[in-house]
There are 2 protein chains.
Amino acid sequence: MTGIDDVARAAGVSAATVSRALSGRGRISDATRVRVRAAAAELGYVVSAAASALATGHAANIGVVVPLLDRWFFANVLDGIASRLAPRGYDMTLYSMSEDPSQRDGVLDVSLRRGRVDGLIVLSLTLADDEVDRLLALDLPVVGLSATSARLPALRVDELAVARAATEHLLRLGHRRIAHIGAGHDGEPGLDIPSLRRHGFQSTMADAGIPNAPFTPADFTIEGGHRAALALLDGAEPPTAIFAASDEIAFGALFAARDRGLDVPADLSVVGVDGHEMGDFFGLTTIAQFPHEQGERAADAVLAALEGRDELGDLAFRLVERSSTSRPRGGVAEVAGTSAP
Amino acid sequence: MTGIDDVARAAGVSAATVSRALSGRGRISDATRVRVRAAAAELGYVVSAAASALATGHAANIGVVVPLLDRWFFANVLDGIASRLAPRGYDMTLYSMSEDPSQRDGVLDVSLRRGRVDGLIVLSLTLADDEVDRLLALDLPVVGLSATSARLPALRVDELAVARAATEHLLRLGHRRIAHIGAGHDGEPGLDIPSLRRHGFQSTMADAGIPNAPFTPADFTIEGGHRAALALLDGAEPPTAIFAASDEIAFGALFAARDRGLDVPADLSVVGVDGHEMGDFFGLTTIAQFPHEQGERAADAVLAALEGRDELGDLAFRLVERSSTSRPRGGVAEVAGTSAP
DNA sequence: CTGAAAGCGCTTACAG
DNA sequence: CTGAAAGCGCTTACAG
């Protein structure tokens with residue numbers, strides 16, 4: 001590989017001058033800069049990442065901690081991040097955190113401590129309290145995306161509001177037997193997204209006078225949604241509507257309805273969360289989020305944090321009504337406060 | 001950050017000894033090794049990636065060049081790669097190559113030349129000849145996954161065989177009016193995947209006595225497949241079967257059939273390529289590939305290449321028959337060589 | 001504006 | 001088996 005000395009020789013200057021000409025830092029005459037850059041381009045010279053990082057303490061690299069690389073939502077977020085990082089000269093290194101405790105420890109205690117990255121984007125993982133501590137101890141600018149812990153600086157979607165919007169949409173249509181498919185433990189909400197959505201659902205139902213609204217846990221996959229919905233539909237009191245914690249779960253529910261010969265939305269209304277690209281084809285009503293844009297904003301936010309600026313804030317969502325939701329068969333829409341005379 | 005000297009001090013040895021104790025290279029007494037490792041663990045010390053890379057020339061990092069981060073197939077490949085790299089202590093840095101020429105140049109001429117990675121995995125991109133040259137000039141172990149150029153060492157699927165399997169499946173069922181939705185230019189096949197699939201389709205059709213079998217170009221998305229299929233179905237001579245170059249295109253075709261009130265498979269048979277997780281729900285017949293496993297093999301192969309070993313080879317595929325294909329309405333299966341008396 | 005030199009944090013022959 | 005020292009390839013005060 002050609003090094004800085006080769007360029008220096010070719011341009012007839014010192015390595016120091018090459019460094020200045022290429023980085024743009026420090027004073028340098030226009031003529032020299034032009035000459036050096038030409039020589040560098042000619043030789044195809046690019047500054048060594050390792051040497052530069054060692055000398056400056058700046059790696060020009062952002063780490064992205066992801067839970068699962070194979071979900072549509074995260075793939076889109078990643079694409080959004082990449083689209084903003086590259087033009088600014090940053091690379092992106094992925095750290096995938098699985099469920100396996102020793103693997104997680106490896107990421108938190110080893111990989112992330114190698115100093116390979118200048119900042120971190122953490123995608124909505126369910127992080128334990130001590131994991132958040134270890135993340136924070138890295139002493140790196142961190143931007144969570146809808147992240148789990150209140151202690152993590154983050155761009156957030158108001159997940160309670162998301163769940164409320166979905167649930168109220170169904171209630172407004174006149175549904176009462178509404179079930180939720182998602183995740184999250186019983187009891188206090190917990191700050192992870194699945195828990196917040198579940199909690200938002202159940203508290204909205206409770207506010208509408210329906211305590212203990214049914215909940216069925218599922219993986220956030222089509223497969224998981226399919227299985228859970230089948231269980232609900234085959235149960236003693238099948239719901240007339242399902243609020244699925246993700247669009248992929250919702251697709252699974254739609255397939256389950258098809259498998260049981262149910263008409264959507266007449267027999268079963270389904271609403272999801274995400275704004276999945278396939279939603280349109282399925283006619284799925286959903287609370288759309290905008291993962292690509294979320295990724296872009298997260299990238300901008302870490303980069304801003306590197307310069308000491310704060311670009312955190314709220315993330316948008318929007319109810320998109322399509323054909324998977326309607327009044328229940330024979331049901332009457334009860335609009336709050338609109339009691340008929 | 002705590003450095004090697006802190007550990008040396010804590011363990012009462014020199015930095016050199018710490019380095020040896022931690023890396024396992026060089027001779028060192030067991031007692032010292034244990035003491036040093038304890039001190040390092042105690043201090044939470046991890047070797048600096050930049051310093052280590054600079055000193056050894058080894059970055060412990062693999063670059064993955066991807067076309068689009070938001071396709072199901074690539075997300076799965078990535079997940080497979082990550083699952084094999086992490087346990088071996090390698091990080092993974094992503095380089096997304098878009099269609100934009102200046103962006104591609106940036107990746108090839110700048111990002112990849114920073115020396116940040118020890119090896120490269122290139123996911124099935126359509127690379128121009130000079131781009132392959134520049135990739136090769138990096139002088140890095142490269143493993144292509146179903147890559148484009150014959151000059152790139154790669155794990156390959158026999159794409160002509162894939163297309164033939166799909167097409168012959170349809171022909172065997174008795175279809176004659178079969179259309180292909182995909183990509184690839186006219187004329188000589190070209191070595192990119194879409195072209196190979198298209199070519200495999202058309203030559204198989206030609207062999208069956210059907211020259212100039214219809215082809216409609218599309219993006220490799222549901223949206224693209226939907227549009228293209230609609231165009232075919234609304235055409236003068238709608239096909240009785242569609243061979244889609246990807247499952248996502250196939251899903252689009254399935255939705256198009258639904259939109260036109262056509263029964264699948266009675267009115268329209270559809271076969272895809274990929275083995276998409278949703279295929280089962282759609283009942284999609286497909287030529288399954290195994291992206292996660294492909295990613296694992298690619299990771300193993302670069303790592304092997306780093307050690308001078310060659311683990312390249314062929315990638316598997318398999319026809320998975322589901323309910324989206326059958327004989328055409330009123331059609332008769334013509335099995336080659338079984339002319340009825 | 002430009003260069004010589006020290007330093008970034010490790011690793012690894014070279015001695016002992 | 002262990003340490004002192006040079007070196008990896010840059011960057012950046014410090015002089016001039």
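As the structure is a computational prediction, the values presented were derived from the model and not from experiment. Chain letters run A, B, ... following the sequence lines, proteins first and then strands; every chain starts at 1.
Looking at residues two or more places apart in sequence or on another chain, you find a side-chain hydrogen bond (donor to acceptor under 3.5 Å, both in side chains) between A:Thr93 and A:Asn61, B:Thr93. With sequence neighbours excluded, the residues forming a side-chain contact (heavy atoms from CB on, under 4.5 Å) with A:Leu135 are A:Leu108, A:Leu112, A:Leu120, A:Val122, A:Leu127, A:Leu138, A:Leu152, listed by chain and number. Here A:Glu293 pairs with nothing under the side-chain hydrogen bond (donor to acceptor under 3.5 Å, both in side chains) rule; sequence neighbours left out. Checked against side-chain contact (heavy atoms from CB on, under 4.5 Å), A:Ala316 has the following partners two or more places apart in sequence or in another chain: A:Phe290. Checked against salt bridge (charged side-chain N to carboxylate O under 4.0 Å, His left out), A:Asp274 has no partners two or more places apart in sequence or in another chain. Considering only residues two or more places apart in sequence or on other chains, B:Asp219 meets the salt bridge (charged side-chain N to carboxylate O under 4.0 Å, His left out) condition with none of them. Listed by chain and number, the residues in a side-chain contact (heavy atoms from CB on, under 4.5 Å) with B:Asp30 are B:Arg33 (sequence neighbours excluded). Considering only residues two or more places apart in sequence or on other chains, B:Tyr90 meets the ring pair (Phe, Tyr, Trp, His ring centres under 6.0 Å) condition with B:His58.
The interatomic distance linking B:Ile4 (CD1) with C:dC8 (C1') rounds to 13 Å, in whole Å. Across the protein-nucleic acid pair, A:Arg27 atom CZ and C:dC1 atom P stand 6 Å apart, rounded to whole Å. To the nearest angstrom, C1' of D:dG9 lies 16 Å from CZ of B:Arg114. The distance from atom CZ of A:Arg116 to atom P of C:dG9 is 17 Å, rounded to the nearest whole Å. The distance from atom CG of A:Leu22 to atom P of D:dT11 is 8 Å, rounded to the nearest whole Å. Spacing between atom OH of A:Tyr45 and atom C1' of D:dT11 amounts to 10 Å, rounded to whole angstrom units. Separating the CG atom of A:Asp6 from the P atom of D:dC10 is a distance of 9 Å, rounded to the nearest angstrom. Here C:dT2 presents its P atom at 8 Å from CZ of A:Arg35, a figure rounded to the nearest Å.
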Listed pairs, N/O of protein and of nucleotides 13-16 of chain C, under 3.5 Å:
unit_1	atom_1	unit_2	atom_2	d
C:dA13	N6	B:Arg20	NH1	3.3

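Using a 4.0 Å cut-off between charged side-chain N and carboxylate O, B:Asp300 and B:Arg297 make no salt bridge.
Among residues at least two apart or in separate chains, salt bridge (Lys or Arg N to Asp or Glu O under 4.0 Å) pairs with a member in residues 130-143 of chain B are B:Arg104-B:Glu131, B:Asp105-B:Arg134, B:Asp109-B:Arg134, B:Asp130-B:Arg134, B:Asp133-B:Arg151.
Helical stems in DNA chain C, defined as runs of 3 or more consecutive Watson-Crick or G-U wobble pairs with donor-acceptor distances under 3.5 Å: C:1-3 with D:14-16, C:5-12 with D:5-12, C:14-16 with D:1-3.
Scanning residues 51-61 of chain B for heavy-atom distances under 4.0 Å to DNA chain D yields B:Leu54, B:Ala55.
Of the residues near DNA chain D, B:Gly26 and A:Ser19, the one whose nearest nucleotide (by heavy atom distance) lies more toward the 5' end is B:Gly26.
A distance of 14.5 Å separates CG of A:Leu78 from CZ of B:Phe74, quoted to the nearest 0.5 Å. B:Ser52 OG to A:Arg114 CZ: the interatomic distance, rounded to the nearest 0.5 Å, is 9.0 Å.
For D:dG9, neither phosphate oxygen OP1 nor OP2 lies less than 4.0 angstrom from any side-chain nitrogen or oxygen of A:Ser48. Put simply, A:Thr32 has a side-chain N or O that comes within less than 4.0 Å of OP1 or OP2 on C:dT2.
No engagement by A:Val18 is indicated, since no non-hydrogen atom pair under 4.0 Å with the nucleic acid exists.
Distances from the side chain of B:Val47 to the nucleotides C:dG3, C:dT11, C:dT2 place C:dT11 closest.
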